[in-house]
Amino acid sequence: MSDLRVAVLGVGIMGTDHVERLSSRISGARVTVVNDFIAEKAEAVAAGIPGCRAVADPLDAIADPDVDAVVLATPGPTHDKQLLACLEHGKPVLCEKPLTTDVESSLEVVRREAELGKRLIQVGFMRRFDEEYDRLKNLLDGGELGRALVLHCVHRNPAVPPSFDSSMIVKDSLVHEVDVTRFLFDEEITSIQILRPATNPGAPEGIQDPQIAILRTAGGKHVDVELFVTTGVAYEVRTELVAEKGSAIIGLDIGLIRKGAPGTWGGEITPGFRERFGRAYDIQFQRWVDAVRSGVNVDGPTAWDGYAAAAVCAAGVQSLQSGGVVEVDMVARASIPGA
Ligand code: ISE
């Protein structure tokens with residue numbers, strides 16, 4: 001079977017990583033087209049990949065006859081147009097989160113895909129492909145722990161880009177725990193509250209950091225998340241599940257512990273999410289490529305998962321402003337046959 005010919009749209013840090021992984025570690029695929037709103041950047045990336053060229057317009061890149069499938073690593077506000085173009089051309093697409101930047105356009109994408117009668121969209125919630133999350137999910141589904149009750153999460157970044165504001169902590173960071181909750185529990189999230197503790201004096205002026213998110217699921221499960229994105233330390237993502245017959249924790253990031261010079265004991269903390277989830281990204285891409293080549297197109301979170309995450313985050317942003325509990329407003333999945 002011939003290689004899947006992939007267009008990567010957006011060659012910033014993540015897109016460039018994806019071009020590199022598709023070209024070196026993923027089998028059955030090659031990057032034939034790249035695009036970026038900075039044309040020179042796309043040209044430079046294309047020059048490093050045999051058989052790859054830069055295409056200036058993202059919609060032309062999607063329509064290109066040398067492209068079988070698309071990876072979107074473009075800024076969120078451009079996703080809806082690009083996703084609709086992928087649907088129009090019948091091209092499978094792996095879209096970095098967010099699906100789109102507002103709930104209405106996410107729902108429109110879900111509806112348009114459902115009308116086609118076949119799945120083409122996968123959303124890049126890469127934690128679902130991480131070996132530790134996978135083990136936690138299997139443990140829970142295996143039933144040994146009994147019923148899940150509570151999830152305690154920690155999500156710390158050493159720093160975030162200067163463009164980050166308080167709502168990005170919800171939409172760009174918390175969105176992962178939103179997806180993890182839905183993935184682990186197979187339930188929708190029904191309400192959210194964001195608490196605002198004293199802010200880190202080291203955080204940029206005006207940013208509410210840390211934040212504490214409290215989620216409740218349809219089955220009444222409680223999830224709390226400490227979000228702290230300007231720690232200045234390293235990357236820490238921990239998840240502890242408390243269930244009827246015990247608990248389980250992942251993300252301790254212990255690695256090698258060295259005992260050394262008089263009285264010292266310790267190791268290293270993973271610096272960032274690209275290192276922490278590098279293997280998960282590889283697994284996600286390999287499974288997606290295999291799924292597209294076999295005609296299934298999707299092997300992971302769907303457009304519906306992207307819409308659900310957008311709905312929870314929109315409620316989270318409202319709570320960030322009001323401080324109160326906000327109910328999540330979502331349409332019933334059954335109202336969109338095929339979603
Ligand atoms: C970033 O965009 C990611 O997706 C990372 O996984 C997350 O930890 C970080 O907070 C986000 O800004």
Side-chain angles (χ1 to χ4, degrees), residues 9-18 21 71-79 94-101 122-134 151-184 192 194 199-200 202-204 207-213 215 223-239 250-253 269-285 300-301 305-306 308-310 312-313 316-317 320:
L9 273 56
V11 285
I13 295 175
M14 284 321 297
T16 305
D17 264 11
H18 295 333
R21 69 171 36 86
V71 171
L72 292 187
T74 42
T78 62
H79 285 183
L94 176 56
C95 174
E96 277 292 359
K97 53 90 183 161
L99 181 66
T100 73
T101 44
Q122 180 165 332
V123 184
F125 287 124
M126 76 299 187
R127 287 194 194 177
R128 294 192 186 208
F129 301 89
D130 173 67
E131 279 153 355
E132 291 189 48
Y133 279 103
D134 195 41
L151 202 61
H152 298 295
C153 309
V154 169
H155 187 159
R156 297 188 193 142
N157 289 202
V160 281
S163 56
F164 239 70
D165 62 15
S166 303
S167 73
M168 292 285 285
I169 297 177
V170 175
K171 292 186 292 186
D172 208 58
S173 301
L174 176 66
V175 67
H176 286 291
E177 277 78 16
V178 166
D179 186 63
V180 159
T181 298
R182 298 182 61 259
F183 168 62
L184 289 176
I192 178 167
I194 307 283
T199 53
N200 174 19
I207 294 201
Q208 174 58 56
D209 187 45
Q211 299 178 14
I212 308 291
L215 315 175
V223 180
D224 51 70
V225 188
E226 174 211 306
L227 295 142
F228 188 5
V229 301
T230 59
T231 64
V233 178
Y235 192 65
E236 293 174 79
V237 166
R238 281 198 292 281
T239 308
I250 60 168
L252 290 177
D253 198 15
I269 315 182
T270 302
F273 65 89
R274 285 161 65 219
E275 293 81 2
R276 167 67 180 85
F277 290 111
R279 173 91 188 112
Y281 280 115
D282 286 353
I283 296 171
Q284 170 184 250
F285 268 75
D305 296 310
V312 177
C313 290
V317 171
L320 182 65

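Each ligand, and each atom within it, is numbered from 1 in the order the structure gives. One-based numbering along the sequence shown. All figures in this text were calculated on a predicted structure; none of them were measured in a lab.
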Pairs involving residues 155-166, ordered by first then second residue, that meet salt bridge (Lys or Arg N to Asp or Glu O under 4.0 Å) (sequence neighbours left out): R156-E226, R156-E236
Pairwise salt bridge (Lys or Arg N to Asp or Glu O under 4.0 Å) hits with a residue in residues 166-176, at least two apart: K97-D172
Short side-chain to backbone donor-acceptor contact, N157 and V160, under 3.5 Å: no
Side-chain donor or acceptor of H79 paired with backbone N/O of T74 under 3.5 Å: yes
Contact residues of ligand 1, where a non-hydrogen atom lies under 4.0 Å away: K97, M126, H155, N157, F164, D172, S173, H176, Y235, F273
Results of salt bridge (Lys or Arg N to Asp or Glu O under 4.0 Å) for R127 - residues two or more places apart only: E177
Shortest non-hydrogen contact between P301 and D305, atoms and distance: CA-OD2, 3.2 Å
